[in-house]
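Structure first, then comments.
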Amino acid sequence: MKFPKRYVIVLLTFICTNVCYIERVGFSIAYTVAADAIGVNQANKGMILSMFYYGYVLSQIPGGWAAQRIGGRRVLLLSFVLWSLICGLIPLDPKREVILVLSRLFVGVAQGFIFPAIHTVLAQWVPPQERSRSVSLTTSGMYLGAAGGMLFFPSLVKHMGAQSVFFVEAVLGVAWSVIWLKFSSEPPRTDLPKVSMPKVASREKIKAQAGGVVAPRTVKIPWRRIIFSLPVWAIVVNNFTFHYALYVLMNWLPTYFELGLQLSLQDMGSSKMLPYFNMFIFSNIGGVVADHLITRRILSITKTRKLLNTIGFVVSAVALMALPLFRTPSGTVLCSSISLGFLALGRAGFAVNHMDVAPKFAGIVMGVSNTAGTLAGIVGVGLTGSILEGAKASNMDLTNSETWKTVFFVPGYLCIFSSIIFLIFSTGEKIFE
């Protein structure tokens, strides 16, 4: 049997997101160790860690536009080559703040093109009945990458130094670029699953049943309708909250282990990767469950999205607010694993919804949505640093759970609020032709 090319594309996008998050977690770990070694304060750490997201937010909507106009395949390749070169050439020195700020800014700009381009590619290749699990598999690469980074990079930093992380990331980025250039291609319509229909059928009907392929590049983008659409805003709000919680945990969990629990990451063994590995598992569970509910007609697309989004975000909120109450490594790992795992489950709700409401403009809607998600990184990562530095200024001990409650309660409350918004305003129906 011929292995469908769309499966190759989905696998390559899975590896793509994997490598991206290896880079993000790797920088967080390497920089935290290097900065703590010379006594950089928490506010400055937060500024450097959040600088990636300033660059990232600048390129989300341009990324969707570029993918629409010149093709997601080309945009993915160019963005990967750019950030890989930056990682390979820039030194990691916490004393050289200007260079670090500029490098993280440009890495953020380069990676900002990736997810809008991925959604454009997947909307071209993947038919509706496979979207949930395809998007879930692709995005689960983020979590597997984060898990791998948390597992291997602390030891790499300990034995080879912080700069070695940048070298590994650059090699991975270049390797993926070569593989993508060799094995990816523009989508021929014949690769999409055959549909049962009369031999004489209109081209429009074939396109519609084949999966709502992205609009031709000459089609006018309905910017006004997208910006003022309540279902789009439901996606935007949930994307913001998802990334607020994810980025706060990704960037500050190492600090919480080191300062809040007085525990070295190197001493934690494989347990430190469990929260992200759990995201990988739950993301794929969510995708399979969603496609099962939809294809078996157990629930409509709208009800499926709302059900999984609500379960994911509400359970995650409870776990986030319970996290600072546990003062043991096992309790912290358990809470963070449940929180991130169910957030990933919720992606089968809001994250796939881009292609439900606008299959022809999925990259554009993803660009708008991911702009909000990136702003969450800027706000959440920077605000957390300010909260902790303010606590220190008030003579509060960073080993005290009360100091960390605000850090984890804010994303917990946001999860509850966002799930309500999605329940009220979201839809699984196509609203942009």
Side-chain angles (χ1 to χ4, degrees), residues 15-40 44-53 55-56 79-111 114 141-177 246-247 249-259 263-277 377 381 385:
I15 299 172
C16 168
T17 60
N18 191 306
V19 174
C20 285
Y21 270 68
I22 287 175
E23 189 281 327
R24 297 187 199 185
V25 169
F27 179 82
S28 175
I29 292 171
Y31 174 71
T32 296
V33 171
D36 287 346
I38 64 170
V40 176
N44 282 350
K45 281 173 62 179
M47 184 268 292
I48 296 295
L49 289 171
S50 65
M51 196 53 58
F52 170 92
Y53 305 107
Y56 199 61
S79 62
F80 246 78
V81 169
L82 178 57
W83 75 253
S84 300
L85 288 175
I86 295 172
C87 284
L89 297 174
I90 299 299
L92 177 58
D93 184 354
K95 295 179 181 178
R96 303 171 71 178
E97 287 190 350
V98 174
I99 291 179
L100 273 181
V101 165
L102 291 176
S103 67
R104 295 310 293 165
L105 188 70
F106 286 122
V107 168
V109 169
Q111 289 200 18
I114 289 173
M142 302 186 299
Y143 320 132
L144 193 61
M150 286 293 289
L151 180 62
F152 294 112
F153 281 144
S155 296
L156 183 66
V157 171
K158 181 178 180 181
H159 297 293
M160 302 293 292
Q163 189 67 46
S164 63
V165 171
F166 276 25
F167 175 76
V168 170
E169 292 169 351
V171 169
L172 289 174
V174 171
W176 183 89
S177 301
L246 175 61
Y247 290 152
L249 288 173
M250 181 182 296
N251 287 279
W252 288 103
L253 206 55
T255 299
Y256 182 67
F257 283 125
E258 298 271 0
L259 299 181
L263 184 68
S264 170
L265 285 176
Q266 286 85 358
D267 297 333
M268 291 184 62
S270 60
S271 65
K272 58 181 174 286
M273 67 170 282
L274 290 178
Y276 303 107
F277 188 73
V381 176

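Everything quoted here is computed from the prediction, not taken from an experiment.
Here the side chains of C20 and M142 are not in contact, with every heavy-atom distance at 4.5 Å or above. In this structure, the side chains of P275 and L249 stay at 4.5 Å or more apart for every pair of heavy atoms. Residues F152 and I29 form no side-chain contact, since every pair of their non-hydrogen atoms from C-beta on lies 4.5 Å or further apart. Using a 4.5 Å heavy-atom threshold, the side chains of F277 and L144 count as touching.
Of all heavy-atom pairs spanning W252 and V381, the tightest one is NE1-O, 3.2 Å. Considering all non-hydrogen atoms of both residues, S84 and V174 come closest at OG-N, 3.6 Å. The shortest non-hydrogen separation linking G149 to P154 is O-CD, 3.6 Å. What you find for K95 and I38 is that their closest heavy atoms are CG-CD1, 3.8 Å. Across A147 and Y276, no two heavy atoms sit closer than the pair N-CB, 3.3 Å. The two residues A30 and L92 make their nearest non-hydrogen contact at CB-CD2, 3.6 Å.
Here F166 contributes atom CZ and L89 contributes atom CG; the two are 11.5 Å apart, rounded to the nearest 0.5 Å. Note that CZ of F153 is 6.0 Å distant from CD1 of I22, once rounded to the nearest 0.5 Å. Separation of atoms CZ (F106) and CG (L102) is listed at 6.0 Å; rounding is to 0.5 Å. To the nearest 0.5 Å, atoms OG (S28) and CE (M150) are separated by 8.0 Å. Within the model, atoms CG of L156 and CZ of F167 stand 10.5 Å from one another, a figure rounded to the nearest 0.5 Å. A distance of 11.5 Å separates CG of L100 from CG of N44, quoted to the nearest 0.5 Å.
Using a 30° and 60° split on the angle between ring planes, W176 and F80 fall in the tilted class, from 30° to 60°.
Under the side-chain contact (heavy atoms from CB on, under 4.5 Å) rule, V168 has a single partner from V171, L172, V165, which is L172. With Y31 as the partner, the side-chain contact (heavy atoms from CB on, under 4.5 Å) test is satisfied by one option alone out of V157, I48, D36: I48. Screening Y53, Y21, Y56 against Y247 for a ring pair (Phe, Tyr, Trp, His ring centres under 6.0 Å) leaves a single residue, Y53.
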Going through the distances and angles, do I99 and I90 end up as a side chain to side chain contact (heavy atoms under 4.5 Å, CB included)?
CA-CA 8 Å; I99 291 179; I90 299 299; 3.8 Å; yes
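Residues meeting the salt bridge (charged side-chain N to carboxylate O under 4.0 Å, His left out) test with R104, sequence neighbours left out: E23.
For an aromatic pair to be called close, the ring centres must be under 6.0 Å apart, and F27 with F52 fails this.
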